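Inspection log for the structure reproduced underneath, given as C-alpha cells.
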Amino acid sequence: MNTILVAIDFSNSSSEVLKKAIFISNMMKSDLKVVHVVEDNIFNFHKDSSRIKFNCLKYLKEEFPTIKEKDFYLKVGVVEDEIFNLSKELKSLLVITGASGENFSLENFFMGSTTKKLIRTLEIPTLIIKNSIQKEYKKILIPTDFSEDSKYVIENTLKFFPNSLIQLLHMYNIPFKNRLNMYGIDNETSQKYYVNMTKKVFSDGDKFMSSVENCKDKLSLKVENDTLVDRYINDENENSNEFDLISLHTTGNISFFTFDILDKSKYDVLVFKK
C-alpha cells in the first residue's frame, strides 16, 4: 500500500493536521504513518527516547485511539533531516505537515521556517495544511509558467486526486511597459508592442494546453495581465470558496512567489520540488 507520512509537533494545531491527514489518507487509500521529531537541544533535558515516545503515544491515543504504536515514529535530531530520512525509508509518496512552532493557529497562519526548510529538503511532494475543513479536493488552482515543471505538477496532482478539476492560472506583465513613453517611443509603436506581447502569451498558453492533451478535459486556463496572486488565495477573495487546494512547484517563474503563496493562502498547498 502507498504510504503517507504526517509530521506533527504537538503544537495547538497538531490535532487538526492529524485529523485532516487521516481523512486524506483514507480518501487516497493510503497507509498513514505519524512522525514527531525531538530537536537535539530539547532532547538534552531528557535523554530517554523510549520514555519520550511512550508519553507522546499516550498523549496521542487520548484523541486518536486508532493510531497504532507501529505507525508512530519518534526521531531525535534536525527536524527536516529526520523527516527526509524517514520518508526515504518508508518510501512515502507524500509528506503532510502543518506550520511549525507552538504559536501556530489555523485562523492566523504564518509559515514557520521549519516548514520551509522541510519543503526545500524533501524529494517528494509536501502537503501543507492551512485549514481544518475535511472535504475532497474537487477544484485545484495551479499557477503555471507554461514550463515542463508545470506540466509535471498537473500530471502528478491528478495522480493524487484523479477526480479533481484544475484551474490553471498564468499571470503575466509586459516588460518595460511603464518605461516606453519615458524612452520616447510613440504610442502607436508602444501599442503594437503590447499587442504582440499579449498575443505571444496566449499563443504560449494554447501550445501548453495542447502539450497536456492526455488530461485536457480536467483543465481550464485563465490568463491575466497582472503580477499579483493574492486575490486568488486569501479571505478577501470575492470567490473565497472557489478552490479546495493550490498545487505548485518551486522552480522557474513560479518560484518567485511560492513561499508568498504558502504564507498567505487560506487553502491547503501541495508543493512539488520540480
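Given the structure is predicted, the values throughout are model-derived calculations rather than measurements. The analysis underlying the following values was restricted to heavy atoms, covering all of them including side chains, and did not include hydrogens, waters or symmetry mates.
- A parallel orientation is assigned to the rings of F146 and H170, their planes being inclined by less than 30° (bins at 30° and 60°).
- For the pair S247 (side chain) and V271 (backbone), a donor-acceptor distance under 3.5 Å is absent.
- For E69 and K61, the salt-bridge test fails: no basic side-chain N is under 4.0 Å from an acidic carboxylate O.
- Residues passing the side-chain hydrogen bond (donor to acceptor under 3.5 Å, both in side chains) test with S92, sequence neighbours excluded: none.
- The hydrophobic side chain of V78 is isolated, with no ILVMFWY side chain under 4.5 Å apart from it.
- Between H36 and F10, a ring centre-to-centre spacing shorter than 6.0 Å is recorded.
- Between R120 and E80 there is no salt bridge, since no side-chain N of the basic residue sits under 4.0 Å from a carboxylate O of the acidic one.
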side-chain hydrogen bond (donor to acceptor under 3.5 Å, both in side chains) for S11 and D9? Distances and angles first, verdict last. CA-CA 5 Å; S11 60; D9 61 3; 2.5 Å; yes

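- Two residues are said to be in side-chain contact when any heavy atoms from C-beta on lie closer than 4.5 Å; V37 and V76 fail this criterion.
- Between K33 and D31 there is a salt bridge, since a side-chain N of the basic residue sits under 4.0 Å from a carboxylate O of the acidic one.
- Results of the side chain to side chain contact (heavy atoms under 4.5 Å, CB included) test with F208 over L221, L219, D145, I154 single out I154 as the only residue that passes.
- Shown here are the salt bridge (Lys or Arg N to Asp or Glu O under 4.0 Å) partners of K20, two or more places apart in sequence or in another chain: D268.
- The local environment of NZ in K91 is sparse, with at most 12 non-hydrogen atoms from other residues, nucleotides or ligands closer than 6.0 Å.
- Classification of D244 and K138 as a salt-bridged pair fails, no side-chain N sitting under 4.0 Å from a carboxylate O.
- Of the possible polar contacts, none joining the K266 side chain to the K130 backbone as a donor-acceptor pair under 3.5 Å is found.
- A salt bridge links D263 with K116; the closest basic N to acidic carboxylate O contact falls under 4.0 Å.
- When side chains are defined from C-beta on, T157 counts as touching I140, because their heavy atoms get closer than 4.5 Å.
- Heavy-atom minimum distance, S25 versus L32: OG-CB, 3.8 Å.
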